[in-house]
Amino acid sequence: TQESIDAESAFRFRLEAQAKFATLALHDAERLEAQFHTKGRIAVEIGQQLEQAEAKRRQCENAAILIRRWWMIENLSEQEEQSGCRILVDDEISGIIPPSSCLLDPLFTS
């Protein structure tokens, strides 16, 4: 009958439309997946570079701390040598010696 032919035609039309939609959706998903993999690799590389930079920053910071300590020790040694008297670092830092009598930089005694 004509009704069954029309129903079959409409069904085939919808089936073809759904198949095209599914094909387009599959292509879009494949494209997105490829972008995800590409950009994901780039993101991992950037993350690794950031971790390396952070490690170098920490290394430089630790080196700067060691240099400051070395400089402070050298400076204290020179002060002791020039003044001829021993600097009582622990007593000055703990406040046992009054600030007016301290030989250390006020940064350490205040």
Side-chain angles (χ1 to χ4, degrees):
T1 69
Q2 186 62 31
E3 286 180 10
S4 62
I5 292 173
D6 289 343
E8 183 183 352
S9 178
F11 177 75
R12 285 182 188 228
F13 183 72
R14 273 186 293 220
L15 192 60
E16 285 180 32
Q18 288 176 349
K20 283 193 178 219
F21 177 78
T23 302
L24 288 173
L26 177 64
H27 290 308
D28 287 346
E30 288 171 345
R31 184 177 46 81
L32 287 173
E33 183 180 8
Q35 285 180 351
F36 174 77
H37 287 294
T38 301
K39 291 179 180 177
R41 276 192 296 274
I42 292 170
V44 167
E45 289 173 9
I46 290 170
Q48 289 171 341
Q49 290 172 355
L50 287 172
E51 286 176 1
Q52 288 174 349
E54 177 64 20
K56 285 183 181 182
R57 186 196 65 77
R58 279 193 306 269
Q59 204 173 29
C60 288
E61 190 174 281
N62 290 338
I65 289 169
L66 288 175
I67 290 169
R68 276 195 306 266
R69 288 179 181 168
W70 174 80
W71 179 86
M72 188 170 47
I73 290 168
E74 282 290 314
N75 191 27
L76 288 174
S77 295
E78 286 176 9
Q79 285 180 18
E80 284 182 345
E81 194 174 299
Q82 289 171 358
S83 68
C85 65
R86 194 166 188 300
I87 298 174
L88 304 171
V89 176
D90 289 335
D91 292 344
E92 287 191 19
I93 291 175
S94 64
I96 294 172
I97 297 174
S100 59
S101 302
C102 286
L103 299 174
L104 284 174
D105 188 305
L107 173 69
F108 302 109
T109 58
S110 303

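Going from atom CZ of F11 over to atom CD of Q18 covers 8.0 Å, rounded to the nearest 0.5 Å. Put simply, OG1 on T23 and CG on D28 are 11.0 Å apart, with the number rounded to the nearest 0.5 Å. Between atom CE of residue M72 and atom CD of residue Q79 there is a gap of 11.0 Å, rounded to the nearest 0.5 Å. Taking CG from N75 and CD from E80, the interatomic distance works out to 10.5 Å, rounded to the nearest 0.5 Å.
Within the structure, every pair that satisfies the salt bridge (Lys or Arg N to Asp or Glu O under 4.0 Å) test and touches residues 34-59, not counting sequence neighbours, is listed here: E54-R57, E54-R58, R57-E61.
Tested against D6 for a side-chain contact (heavy atoms from CB on, under 4.5 Å), the candidates E3, Q2, E8 yield a single pass: Q2.
Hydrophobic clustering, defined by side-chain heavy atoms of Ile, Leu, Val, Met, Phe, Trp and Tyr closer than 4.5 Å, groups I46 together with I42, L50.
The pair R12-E16 fails the salt-bridge criterion, with no side-chain N (NZ, NE, NH1 or NH2) lying under 4.0 Å from an Asp/Glu carboxylate O.
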